[in-house]
Amino acid sequence: DIDPITYEEAAKSERWKSAMDQEMQAIERNDTWELTTLPSGGKSIGVKWIFKTKINENGEVDKYKARLVAKGYCQQHGIDYAEVFAPVARLDTIRIVIALAARNSWVIYQLDVKPAFLHGEINEVVFVDQPPGYEEKGHESKVYRLKKALYGLKQAPRAWYSRIEAYFIKEGFTKCPYEHTLFIKTPGGGKILIVCIYVDDLIFTGNDQMLFAQFKNSMMSAFDMTDLGRMRFFLGIEVLQRTDGIFIGQRKYAQEILERFKMDQCNSVHNPVVPGFKLTKDEEGIKVDSTPYKQIVGSLMYLTATRPDLMFIVSLISRYMESPAESHLLAAKRVLRYIKGTTNFGIFYKKGGNAEVFGYMDSDYAGDQDDRRSTSGYVFFMSSGAISWSSKKQPVVSLSTTEVEFIAAASSACQVVRISRILKSLNQTQHTPTKVYCDNISAIKLSKNPVMHGRSKHIDIRFHFLRELVKDGSLELITCSTTEQVADILTKPLKLDVFLKMRSSSAQANVDEEDDIHIEDCDEDDDNSIDEEEEENSD
């Protein structure tokens, strides 16, 4: 059914009326506001009801949710709000925690804070109107003065984060200085409890069941919580915890994308981009409506959370959202056709996998046809699965392949530092330099020796950060063959056989209807389909 838009529509249904009653009870129970008369010269902010049918990972109705939201767009900076920033967990941090849990055979659990923002305390004086349908009889002209935050207020996320941060510090947790939504508790005896928060969703793991029980009881006494048990569905990512590892994917989300853009009945293809494909601004081409194009690109961007094989082409088509042409839309639709045949794909982190982090970095040379900038790409692995990847156009025009690779290596080095620091805060110190595989010997030599000849003297000083990391032993660049360069899939269109090989090398897997995991492998059937696929591409 279509979710109601107004209170009048929702009031006709008992299930939505019940949902609104639950929301009002939560607000009253939390002592969020008090009824008062609006002072002379004061201004109140309007409120409205938002209705949403929540769906679980199987596509079934989970619950009907009604949320009372303040019209925060009416607020004025310096009067009823000041600072608004609140951190959220990065997806690569979440993948690191999942990979660590898989390697150590830890179970990941999930908690949900019901009215999270209602717990945040605000310092500003804010008045809101009485909610539609719940006006106090005889006091209809009065307003509510907020004691705590309400959804929709600009400062609500910051107020909630400050509240939950203070709780964790009080309970003896240590905040990771490099990821402010990651909290670690180590009471001694080798015990550890790791908590990662994303607004009102929390995941936690560790090696001691007693710590889990104490943590859950403490959280439920401090906040109105829902214990979701083992982590199964988090931020649209499906998590399958097994005895041999953990699989993450976005099967449901991928299917929703295909249905949204009416591509669920299309014919699938084996690769998201044709080998040798070049995309330009195409200023002479037929222009298309930018709104649906932006919607496709935006939807695909979140799908890259578990799909490194889509990273390059999504990065490429996102460069043309301002004024898309028909050629850009066709490229985006081909990605959807590729997704049609790979909705079950994701990443599998193995139990007892490699504890050391290693990675691959690569680049193309002057691949952008409009400004001749190059593309950097890297992918890092832990527990036999990819934990971090990127495909991004470089900020400068390079004059040689050595410079291109050196800049790409510097970009990957920054990620090495971040991953190493997060793992150290999780008591997972890397005892050896992080190995990064590169297929350019000149760039490797340049990272070790301050050779200031014609090919390198103009390289921006900031990229020599890489040399410092190599010198102090934080990172080691190692030569690898181009045929073994996994990061190739993140920098350029590849032939089908090479694409399938690199996709399997990035530890991607797929899950069937019975939740059985199948590790990707490039077999003879795929090789036999190459000629047929390339013939279709040429057509």
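- Inter-residue side-chain proximity for K392 and S411 is flagged as unmet; no heavy-atom pair is nearer than 4.5 Å.
- Rounded to the nearest 0.5 Å, atoms CG (L111) and CD1 (I197) are 12.0 Å apart.
- Shown here is R67, whose CZ atom has more than 12 heavy atoms of other residues, nucleotides or ligands within 6.0 Å.
- A donor-acceptor contact shorter than 3.5 Å links the side chain of R307 to the backbone of T342.
- A donor-acceptor distance shorter than 3.5 angstrom exists from the side chain of E238 to the backbone of R251, with no hydrogens or angles considered.
- Between Y253 and L303 there is a side-chain heavy-atom pair separated by less than 4.5 Å.
- Annotation for P87 and H180: closest pair CG-CB, 4.2 Å, computed over non-hydrogen atoms.
- Rounding to the nearest 0.5 Å gives a distance of 12.0 Å between CG of L477 and NZ of K435.
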Worked check of side-chain contact (heavy atoms from CB on, under 4.5 Å) between I94 and F234: CA-CA 10 Å; I94 294 171; F234 185 72; 3.6 Å; yes

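- Residues R103 and N354 bring no donor and acceptor atom of their side chains to less than 3.5 Å of each other.
- With hydrogens and angles disregarded, no donor-acceptor distance shorter than 3.5 Å links the side chain of Q428 to the backbone of L100.
- Side-chain contact check for R418 and T93: at least one donor-acceptor pair (N or O, by modelled atom type) lies under 3.5 Å.
- In this structure, D497 does not pair ionically with K501, as no charged nitrogen and carboxylate oxygen lie closer than 4.0 Å.
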Criterion side-chain contact (heavy atoms from CB on, under 4.5 Å) on R334 and V274, from CA distance to verdict: CA-CA 9 Å; R334 182 180 176 87; V274 179; 3.9 Å; yes

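- I419 is not listed as a side-chain neighbour of T434, based on a closest heavy-atom distance of 4.5 Å or more.
- Taking CZ from R503 and CZ from F345, the interatomic distance works out to 4.0 Å, rounded to the nearest 0.5 Å.
- The side-chain heavy atoms of I96 and V357, taken from C-beta on, include no pair separated by under 4.5 Å.
- Between S390 and L490, the closest heavy-atom pair is O-CD1, 3.7 Å.
- Note that CG of D439 is 6.5 Å distant from CG of D488, once rounded to the nearest 0.5 Å.
- No donor-acceptor distance shorter than 3.5 angstrom exists from the side chain of E484 to the backbone of C480, with no hydrogens or angles considered.
- Contact check for F51 versus M20: side-chain heavy atoms found under the 4.5 Å cut-off.
- Side-chain N or O atoms of Q485 include one that pairs as donor or acceptor with a backbone N or O of M361 at under 3.5 Å.
- Side-chain contact, T53 with D3: a donor N or O sits under 3.5 Å from an acceptor N or O.
- Side chain of S481 to backbone of T483: a donor-acceptor contact under 3.5 angstrom is found.
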Assess whether side-chain contact (heavy atoms from CB on, under 4.5 Å) is satisfied between L150 and L118, documenting all intermediate values. CA-CA 5 Å; L150 198 64; L118 303 185; 3.7 Å; yes

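- Put simply, the side chain of L228 reaches to within 4.5 Å of the side chain of T226, judged on heavy atoms.
- Minimum interatomic distance between Y349 and A99 (heavy atoms only, all atoms of both residues): CD2-CB, 3.7 Å.
- Heavy-atom minimum distance, M225 versus K114: O-CE, 4.0 Å.
- The aromatic rings of Y360 and F381 stand perpendicular to each other, their planes meeting at an angle above 60°, with 30° marking the opposite boundary.
- A 4.5 Å side-chain heavy-atom check between M263 and K340 finds every atom pair outside the cut-off.
- Taken to the nearest 0.5 Å, the OG atom of S391 stands 10.5 Å off from the CG atom of D362.
- The one candidate from Q255, E256, Q250 that meets the side-chain hydrogen bond (donor to acceptor under 3.5 Å, both in side chains) condition with K252 is E256.
- If you run salt bridge (Lys or Arg N to Asp or Glu O under 4.0 Å) between R319 and each of D368, D282, D370, D371, only D368 comes through.
- Remark: the T402 side chain and the S400 side chain contain no N/O donor-acceptor pair separated by less than 3.5 Å.
- The minimum heavy-atom distance between I387 and D92, with the atom names listed, is O-CB, 3.6 Å.
- Side-chain N or O atoms of S299 include one that pairs as donor or acceptor with a backbone N or O of Q295 at under 3.5 Å.
- Of the possible donor and acceptor atoms, none in the side chain of W16 sits under 3.5 Å from a partner among the backbone N and O of Y64.
- Nearest heavy atoms, Y293 versus A332: CE1-CB, 4.1 Å.
- Taking CD1 of I108 as the start and CE of M231 as the end, the distance is 5.5 Å to the nearest 0.5 Å.
- Checking side-chain atoms of R260 against main-chain N and O of I296 turns up no donor-acceptor pair under 3.5 Å.
- A donor-acceptor pair under 3.5 Å is absent between the side-chain atoms of S13 and the main chain of A10, judged by distance alone.
- Under the 4.5 Å side-chain criterion, counting only non-hydrogen atoms from C-beta, L300 is in contact with I339.
- Side-chain N/O atoms of T243 and K351 include no donor and acceptor closer than 3.5 Å.
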Run the side-chain hydrogen bond (donor to acceptor under 3.5 Å, both in side chains) test on T375 and K492 for me, step by step, so that the C-alpha distance in whole Å, both residues' side-chain angles and the decisive distance to 0.1 Å come before the verdict. CA-CA 8 Å; T375 301; K492 58 184 76 72; over 6 Å; no

Is there a side-chain contact (heavy atoms from CB on, under 4.5 Å) between I50 and K65 once you walk through the steps? CA-CA 8 Å; I50 301 294; K65 195 168 187 177; over 6 Å; no

